[in-house]
Amino acid sequence: MTKINKAACIGGGVIGGAWAARFALAGIDVNIFDPHPEAERIIGEVMANAERAYGMLTMAPLPPKGKLTFCKSIEEAVQGADWIQESVPERLELKRGVITQIDAAADPQALIGSSTSGLMPTDLQRDMKHPERMFVAHPYNPVYLLPLAELVGGQKTDRAVLEAAKAKLATIGMKGVIINKEIEAFVGDRLLEAVWREGLWLIKDDICDTETLDDVIRYSFGMRWAQMGMFETYRIAGGEAGMRHFIAQFGPCLSWPWTKLTDVVDLTDELVDKIANQSDAQSGARGIRELERIRDQNLVGIMHALKAGDDGRGWGAGKLLAEFEDHLWANAKKPEVDLGKVEPLHVLDTKVNPAWVDYNGHMTEHRYLQVFGDTSDGVLRLIGVDLDYVRNGHSYYTVETHIRHLGEAKLGDALYTTCQILSSDDKRLQFFSTIYNAETNEPVATAEQMMLHVDSKAGKAVPAPGKVLDKLAVLTRAHAGLPVPDGAGRHVGQKR
Ligand SMILES: NC(=O)C1=CN([C@@H]2O[C@H](COP(=O)(O)OP(=O)(O)OC[C@H]3O[C@@H](n4cnc5c(N)ncnc54)[C@H](O)[C@@H]3O)[C@@H](O)[C@H]2O)C=CC1
Ligand SMILES: C[N+](C)(C)CC(=O)CC(=O)[O-]
């Protein structure tokens with residue numbers, strides 16, 4: 001079976017805690033073992049930030065959150081788990097001992113991933129009884145948002161296990177990339193090590209300070225890397241002649257050289273003080289959790305931008321997010337809705353998350369349209385217009401929207417939406433949606449919208465097929481028995 005049924009996290013620090021959050025938010029129960037006296041508090045704080053981030057990341061229906069259970073031993077934690085993730089400190093002897101202990105206590109079929117940043121899986125699996133199910137699953141911080149895990153097998157790892165791990169990771173929104181051969185630090189950390197090493201030299205040699213160095217990255221190639229990586233970016237940098245021209249022009253620089261990479265910086269107390277002091281001056285005014293929240297919000301923004309990339313088809317991590325959302329919709333409990341019932345449809349339950357709030361301290365304008373858009377998507381799914389339908393070349397497009405703002409939605413407010421069909425024919429669908437405050441049941445906003453059924457390839461309105469129209473007719477007939485909602489048919493500036 002592809003999905004992960006129960007997970008265990010051995011080590012719950014920066015990485016183990018964020019793995020636990022990733023599993024739990026995908027609906028998987030997680031057992032945690034970490035001897036740190038404050039492990040529960042620390043993981044609770046990571047979990048809170050992760051939930052905040054997911055609130056911004058997606059409107060797709062996340063499954064009910066998995067349960068976190070804090071265990072007293074490795075043996076207790078691995079019971080019943082089919083994915084065990086080791087994330088203890090980066091020391092070979094410690095990790096090998098922990099992995100051997102996991103192996104002895106776990107179900108022999110359970111997969112065992114190590115978060116190691118650079119140790120060889122062959123070294124880690126040396127003393128295991130069932131080494132074939134052990135591999136490196138190297139994630140990136142924050143694990144609950146950054147979707148990559150490098151999957152690296154050791155000499156005794158079964159290749160099929162890596163494929164199985166990749167398939168299971170997809171169900172929690174992650175991209176497992178199988179690395180061909182084991183090598184210390186795999187791919188990502190070899191690249192990061194090179195940049196970090198050079199950065200240390202630049203600081204030591206007083207070429208720049210930490211803030212300048214970070215600015216050089218984040219205002220330039222850092223943004224490029226998020227969307228195209230290195231080689232695709234450099235292909236473009238070669239102009240029309242492409243990669244061959246790029247190499248011809250910049251290849252010789254490799255031997256000039258533009259780097260001190262082959263030398264190891266001596267991390268003297270003086271250099272550590274210098275870096276730490278510059279880092280304090282750069283970022284010390286904010287606490288770690290606050291920095292994490294800023295980072296998370298920015299990452300979510302980048303993923304949203306990438307989801308809209310390639311003319312809406314999605315690009316890189318954004319395309320993966322869209323695929324994960326498809327998976328969430330496909331696995332969500334289908335609402336049992338009686339289309340013939342004479343009452344507005346209850347469509348969506350959501351809440352105002354931090355990214356939706358503007359400088360006035362309440363939900364900002366375009367988020368209303370997002371909530372109304374998600375509401376109309378929900379209605380369309382009920383009449384059979386789902387993602388498969390759209391992929392097959394037809395859809396409904398919104399051609400007119402009138403939103404009225406009736407109340408304020410503040411940070412954290414629980415909201416729900418309803419929708420009433422006003423009229424429909426074979427091409428048109430006119431409806432009236434309302435956002436309510438879930439606590440007071442007061443309306444916060446309404447939207448009257450018109451949609452047209454389209455052939456999306458031809459880009460023109462066409463009649464919807466009978467199977468959609470039949471369901472729509474039931475709904476429209478039922479809603480014809482309802483009073484016309486207050487505000488329907490209004491235009492801007494009209495007197496009440
Ligand atoms: N911090 C990072 O940016 C990344 C770290 N990693 C890797 O993840 C692993 C963990 O690193 P971090 O989370 O950063 O370290 P950390 O120091 O934040 O967390 C390690 C946790 O392991 C616990 N621990 C120690 N001995 C243990 C034992 N015997 N059994 C269970 N728990 C034990 C500690 O109490 C601590 O909470 C390392 O292998 C590291 O290379 C991977 C990707 C990124
Ligand atoms: C610094 N590090 C080696 C622990 C970094 C990683 O392993 C990956 C990351 O998240 O940058």
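Both ligands and their constituent atoms are indexed starting at 1 by order of listing.
The aromatic rings of Phe135 and Trp83 sit perpendicular, their planes meeting at an angle over 60°, well past the 30° parallel limit.
In summary, Lys274 and Asp206 engage in a salt bridge, as defined by a charged side-chain N under 4.0 Å from a carboxylate O. Using a cutoff of 4.0 Å between basic side-chain nitrogens and carboxylate oxygens, Asp263 and Lys204 are not scored as salt-bridged.
For the residue pair Asp296 / Tyr144, a side-chain donor-acceptor distance below 3.5 Å is found, with atom types taken as modelled. Side-chain atoms of Gln282 and Thr210 include a donor-acceptor pair closer than 3.5 Å. Side-chain contact, Asp209 with Gln278: no donor N or O sits under 3.5 Å from an acceptor N or O.
Under the 3.5 Å distance criterion, the side-chain polar atoms of Arg22 are matched with a main-chain donor or acceptor of Val143.
With hydrogens left out, the protein atom closest to atom 39 (O) of ligand 1 is Glu90 OE1, 2.5 Å, a heavy atom. Looking only at heavy atoms of the protein, atom 26 (N) of ligand 1 is closest to Pro89 CD, 4.0 Å. Among all non-hydrogen protein atoms, the one lying nearest atom 18 (O) of ligand 1 is Val14 N, 3.0 Å. In this structure, the protein non-hydrogen atom closest to atom 6 (N) of ligand 1 is Ser117 OG, 3.3 Å. Ranking the protein heavy atoms by distance from atom 4 (C) of ligand 2 puts Ser117 OG, 3.4 Å first. Taking atom 7 (C) of ligand 1 as the reference point, the nearest protein heavy-atom neighbour is Ser115 O, 3.3 Å. Shortest contact from atom 5 (C) of ligand 2 to any protein heavy atom: Asp189 OD1, 3.5 Å. For atom 10 (C) of ligand 1, the closest non-hydrogen atom on the protein side is Ser87 O, 3.4 Å.
Shown here for Phe324 and Ala170, the closest heavy-atom pair between the two residues is CD1-O, 4.2 Å. Here the closest heavy-atom approach between residue Met59 and residue Trp329 is recorded as O-CZ2, 4.1 Å.
Under a cut-off of 6.0 angstrom, the local environment of CD in Gln155 is sparse, with at most 12 non-hydrogen atoms contributed by other residues, nucleotides or ligands.
By the criterion of a heavy-atom distance under 4.0 Å, neither the backbone nor the side chain of Glu193 is placed next to ligand 2. Contacts between Leu192 and ligand 2 below 4.0 angstrom, taking non-hydrogen atoms only, involve the side chain exclusively. Proximity of Tyr140 to ligand 1, defined as any heavy-atom pair under 4.0 Å, is not found for any part of the residue. If you look at Val98 next to ligand 1, the close heavy atoms, those under 4.0 Å, all belong to the side chain.
Using a 4.0 Å threshold on non-hydrogen atoms, atom 8 (C) of ligand 2 counts as touching the protein. Within the 4.0 Å cut-off (strictly below), no protein heavy atom is located near atom 15 (O) of ligand 1.
At under 3.5 Å, not a single nitrogen or oxygen of Pro35, backbone or side chain, sits near a nitrogen or oxygen of ligand 1. Between Lys95 and ligand 1, a contact under 3.5 Å exists for at least one N or O pair.
Residue contact check: Asn141 has heavy atoms under 4.0 Å from atoms 3 (O) of ligand 1. Set against the non-hydrogen atoms of Ile15, the atoms of ligand 1 under 4.0 Å away are 1 (N), 2 (C), 4 (C), 5 (C), 6 (N), 8 (O), 13 (O), 42 (C), 43 (C), 44 (C). Atoms of ligand 1 found under 4.0 Å from any heavy atom of Phe33, numbered from 1 in the order shown, are 30 (N), 31 (C), 32 (N). Taking every heavy atom of Asp34 and a limit of under 4.0 angstrom, the matching atoms of ligand 1 come to 21 (C), 22 (O), 23 (C), 32 (N), 34 (C), 35 (O), 36 (C), 37 (O). Taking a cut-off of under 4.0 Å to the non-hydrogen atoms of Asn141, the atoms of ligand 2 that pass are 10 (O). Distances below 4.0 Å separate heavy atoms of Val88 from the following atoms of ligand 1: 9 (C), 10 (C), 22 (O), 27 (C), 28 (C), 30 (N), 31 (C), 32 (N), 33 (C), 38 (C), 39 (O). The distance from ligand 1 to the heavy atoms of Gly13 drops below 4.0 Å at these ligand atoms: 13 (O), 18 (O), 19 (O), 21 (C), 37 (O). With ligand atoms numbered from 1 in the order given, ligand 1 contributes 43 (C) to contacts under 4.0 Å with heavy atoms of Pro139. If you number the atoms of ligand 1 from 1 as listed, the ones under 4.0 Å from a heavy atom of Thr116 come out as 39 (O).
The closest approach between Glu90 and ligand 2 stays at or above 4.0 Å for every heavy atom of the residue. Under a 4.0 Å heavy-atom criterion, Glu86 is not in contact with ligand 1.
To the nearest 0.5 Å, atom CZ of residue Phe23 and atom CG of residue Leu68 are 11.5 Å apart.
A 4.5 Å side-chain heavy-atom check between Ile203 and Val265 finds every atom pair outside the cut-off.
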